[in-house]
Structures are given as structure tokens and as C-alpha cells.
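Below: the structure, in C-alpha cells.
By convention in this document, chain letters (A, B, ...) are assigned in the order of the sequence lines, proteins followed by strands, and residues within each chain are numbered from 1.
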There are 2 protein chains.
Amino acid sequence: MNDDPDYTYMQAALEEANKAAARDEVPIGAVLVHIESGEIVARNGNRTRELNDPSAHAEVLVIREMCAQTGAQRIPEYDLYVTLEPCTMCAAAISFARIRKLVYGAADAKGGGVDHGAQFYSQPTCHHKPQVVSGIAADICGDTLKNFFKAKRKG
Amino acid sequence: MNDDPDYTYMQAALEEANKAAARDEVPIGAVLVHIESGEIVARNGNRTRELNDPSAHAEVLVIREMCAQTGAQRIPEYDLYVTLEPCTMCAAAISFARIRKLVYGAADAKGGGVDHGAQFYSQPTCHHKPQVVSGIAADICGDTLKNFFKAKRKG
């Protein structure tokens with residue numbers, strides 16, 4: 001057991017990753033948490049295949065949902081939890097939405113845009129840098145992806 | 001007169017930028033051109049305010065529209081024209097969609113992600129680099145933005 005709240009929210013993001021796998025989408029999941037109440041207010045997984053939308057990553061989907069709900073382009077009252085290090089597109093979208101804190105599970109050396117590659121939050125063109133916490137439930141988050149692709153190769 | 005096709009398509013993108021300004025959105029416009037036929041198949045401008053969606057940049061909107069229409073996440077048969085250098089989010093979305101050629105008007109030193117800041121297409125985490133043509137009708141593309149913000153400050 002691990003009673004760190006970040007770990008608890010990451011479990012909810014992992015549930016969304018598993019649901020994505022069941023839809024034959026790359027298993028990455030995300031949740032948005034209202035800072036004040038601690039409530040999970042949006043949850044989703046990748047839907048790029050289902051929606052034929054290369055921008056339909058879990059992070060973008062929960063941000064779009066919450067922005068639409070609150071009627072605002074900026075939602076600084078929320079923290080975002082995602083099972084994999086966000087790609088460069090999502091890192092920028094998270095910044096535009098003024099998310100306070102980003103918590104991610106597994107690192108992504110091949111496609112990440114937070115701590116790899118573009119490292120967007122360190123760029124002079126980044127105008128809001130969220131707090132970043134990494135490595136929460138990293139092993140299980142990474143294994144969820146590895147097992148999905150291993151099963152694909154066999155299948 | 002300028003009969004370079006890139007210039008002609010940029011004029012169409014500029015029309016979308018002007019329509020965005022009329023909706024009180026930051027005036028950036030984009031069009032997608034089918035390479036084989038030369039036809040403009042999607043056109044849009046920023047709608048971040050209207051949609052309360054920080055990801056609703058002109059580039060993302062035309063890509064989403066065309067991907068939905070073709071039923072695919074990748075649309076390598078199209079070139080994208082946009083009045084301003086894409087931001088880091090859009091640069092990555094353009095790469096994910098496998099756009100063949102990106103043509104942009106004005107450079108964006110403060111927020112661009114192609115030739116400034118993250119320079120996404122030069123990153124090892126970028127797995128498709130479109131051809132990039134810059135500076136097409138740059139003055140008028142840039143002036144459209146400058147005039148919009150100048151009027152805002154006065155208004």
C-alpha cells in the first residue's frame with residue numbers, strides 16, 4: 001500500500017490506460033484533479049484511433065473536457081496526472097491551459113517533451129511552467145505499455 | 001502580383017486569419033491543400049475563445065477536420081499553410097499527422113516551435129519532419145497580428 005495522494009490519483013489514471021488498451025488504443029490514461037476539493041473531475045485515455053484525431057491524447061482530452069465545462073481556456077485550479085511523460089504537443093497544451101501541477105508515471109525517452117527532447121518547460125517560448133513530479137508508479141505505468149506492445153507483436 | 005502557388009495558398013490562410021479577427025480571436029489562419037489536385041480541402045482560423053479549447057489553434061483544427069474526413073490519423077497527402085510559425089503544440093501535431101510540407105508566413109520568436117524555442121523538428125523525439133518553407137507573405141501575415149493587438153490596446 002502507498003497512501004501518497006499522487007499515487008492514488010495515478011491509480012485512477014492507470015485505470016484509464018487499461019480501458020484504452022481494451023479499446024485497442026495505446027494505453028495511456030490521464031485524470032484531472034480539482035486542487036481544492038481533491039476530486040477527480042475528468043478522466044480519459046488515448047482515443048486517437050477511435051476519433052481519427054492525432055491530437056486525441058489522454059492529456060488533451062481531459063483538458064478539452066474541463067475547459068469546455070468551466071467555459072475557460074485556462075484551468076489553473078487543476079492538477080493533471082498521466083501515466084506516461086507527456087509528448088511535446090501535450091506538454092505545450094498543459095502549459096497553455098495553465099495547469100498547476102503535472103504528475104507523470106513512466107518516463108518516455110523516445111517521445112517525451114518534458115524531460116526529454118524539446119524539454120518544453122525549459123524553453124524561452126514556454127510562458128507557464130507547471131510544477132512537475134515524475135516517476136509515480138512508474139514501473140506499472142511503463143509495464144502497461146510494454147505488455148500492450150508485446151501482445152501486439154505476438155498477435 | 002505574385003504567382004507562386006505558395007503565395008496564393010497563403011492568401012487563403014490570411015482570409016481565415018481575418019475572419020478570426022472578426023470573431024475577436026487572435027488572427028491566425030490555416031489551410032490544408034491536397035497535393036495531387038492542388039485543391040484547398042480544409043480552412044480555419046483560431047477558435048480558442050469560441051470553443052474554450054486551448055488546443056483549438058488553426059493548424060490543429062484543419063488537421064482534425066481532415067483526419068476525421070479521411071478516417072485516418074495520418075494525412076501525408078496534404079500540405080499545410082499557416083500565417084504564423086506554428087507553436088510547439090502545433091509543430092508536434094503537424095508531425096504526428098505526417099503532413100508533407102509546412103509553409104508559414106511570419107516567424108514567431110516568442111512562441112514558435114519550428115525555428116524558435118523547442119525547434120521540434122530538430123529533436124530526436126520528432127519522428128516525422130515535414131519540409132518547411134517560411135517567410136511567405138510574412139509582412140502582411142505579421143501586420144495582421146500587430147494591427148489586431150494594436151487595436152486591442154486602444155480599445
Requested in this report: With rounding to the nearest 0.5 Å, note down the distance linking CD in A:Q119 to CD in B:Q123.
Outcome: 8.0 Å
Query raised in the report: Side chain, backbone, both or neither: which part of B:A109 has an atom under 4.5 Å from a heavy atom of chain A?
Result: backbone
**Report entry** Residue part contacting chain B, namely of A:Q73, when any heavy atom lies under 4.5 Å
**Finding:** both
Query raised in the report: Just wondering, more than 12 heavy atoms not from A:R74 lying within 6.0 Å of its CZ?
Result: no
Report summary line: Between the CG atom in A:D53 and the CZ atom in B:F96, the distance rounded to the nearest 0.5 Å is 11.5 Å
Query raised in the report: Which of the residues B:G111, B:G113, B:A93 is involved in the greatest number of heavy-atom pairs with chain A at under 4.5 angstrom?
Result: B:G111
Report task. Treat each ILVMFWY residue as a node, draw an edge where side-chain heavy atoms are under 4.5 Å apart, and state whether B:V103 and B:I35 are in one component. Result -> no
Query raised in the report: If you count the non-hydrogen atoms of other residues, nucleotides and ligands that lie under 6.0 Å from CD1 in A:I40, is the total more than 12?
Result: yes
Query raised in the report: Looking at A:G117 and B:T125, what are the two nearest heavy atoms and their distance?
Result: CA-OG1, 3.5 Å
Requested in this report: Return the option, out of B:A72, B:A97, B:S122, B:A92, with the maximum number of heavy-atom pairs under 4.5 Å with chain A.
Outcome: B:A72
**Report entry** Heavy atoms from other residues, nucleotides or ligands near CG of B:L51 exceed 12 (cutoff 6.0 Å)
**Finding:** yes
Query raised in the report: Which one of B:A91, B:P124, B:G71, B:A68 has the most heavy-atom pairs closer than 4.5 Å to chain A?
Result: B:G71
Query raised in the report: With only heavy atoms counted, which part of B:C126 is less than 4.5 Å from chain A, the side chain, the backbone, both or neither?
Result: neither
Query raised in the report: At a heavy-atom separation under 4.5 Å, does A:S55 approach chain B through its side chain, its backbone, both, or neither?
Result: side chain
Report task. May I ask you to name which of B:K110, B:M66, B:R49, B:R98 has the most heavy-atom pairs under 4.5 Å with chain A? Result -> B:K110
Report summary line: Applying a strict 4.5 Å limit to non-hydrogen atoms, the region of A:C87 in contact with chain B is side chain
